[in-house]
Amino acid sequence: ATTQAAFEVAAYVTDRLQRFSGAKPEDADARAKHIGFCRRFAERAFRRPLDDEQAKFFIEQHFTDGVAPEEAVKKALLLILKSPRFLYLGVGGATVDDYA
C-alpha cells in the first residue's frame, strides 16, 4: 500500500511540477528550483532539516546530466516516501528534539 501511494504522489507531483517547484522549462535555474522543491519536500516528510549527506543521497544524486527533470524528481520523491525515516517516526537514531 505504501508503494502504491508513493507512486501516486510522485505521479501527481510530476504532472504538476511547474506549479510545485515554480520552475518553467525555459528557466536557467530550473534545475536548482527542482532540487529546492525536493529538499523542502524531504525536510517536511522527515520532520527535520536535511544535512548535506542526506541531501546528496535523497535528492542530488538523481539530478545528473541527461536525466529529465521530471524523472529526477520522481526518483527523489519515491526514495523519500519509501524511506523508513518517513514511514517510521524515530528511525535513524534521532533523539527527541524540537523537530520531533
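More than 12 non-hydrogen atoms from other residues, nucleotides or ligands lie less than 6.0 angstrom from CG of Asp51.
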Side-chain atoms of residues 11-25: list all donor-acceptor pairs with protein atoms under 3.5 Å, sequence neighbours left out, distances to 0.1 Å.
unit_1	atom_1	unit_2	atom_2	d
Thr14	OG1	Ala10	O	2.9
Thr14	OG1	Ala11	O	3.2
Arg16	NH1	Tyr12	O	3.1
Ser21	OG	Leu17	O	2.8
Ser21	OG	Ala23	N	3.2

List, one per line, each side-chain donor-acceptor pair under 3.5 Å for residues 2-9, sequence neighbours excluded.
unit_1	atom_1	unit_2	atom_2	d
Thr2	OG1	Lys82	NZ	2.6
Thr3	OG1	Lys82	NZ	2.9
Gln4	NE2	Glu8	OE2	3.3

Pairs under 3.5 angstrom only: tabulate donor-acceptor contacts from the side chains of residues 68-76 to other protein residues two or more places apart or in another chain.
none

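No donor-acceptor distance shorter than 3.5 angstrom exists from the side chain of Arg39 to the backbone of Ile35, with no hydrogens or angles considered.
In this structure, the separation between CD on Glu43 and CD1 on Ile80 is 9.5 Å, given to the nearest 0.5 Å.
Between Leu50 and Gln54 the shortest heavy-atom distance is CA-OE1, 3.4 Å.
Note on Phe41: it clusters hydrophobically with Leu87, by side-chain heavy-atom contacts below 4.5 Å among ILVMFWY residues.
Judged as a ring pair (Phe, Tyr, Trp, His ring centres under 6.0 Å), the pairs with a partner in residues 45-71 (not counting sequence neighbours) are, in order, Phe46-Phe58.
With sequence neighbours left out, Asp65 forms a side chain to side chain contact (heavy atoms under 4.5 Å, CB included) with no residue at all.
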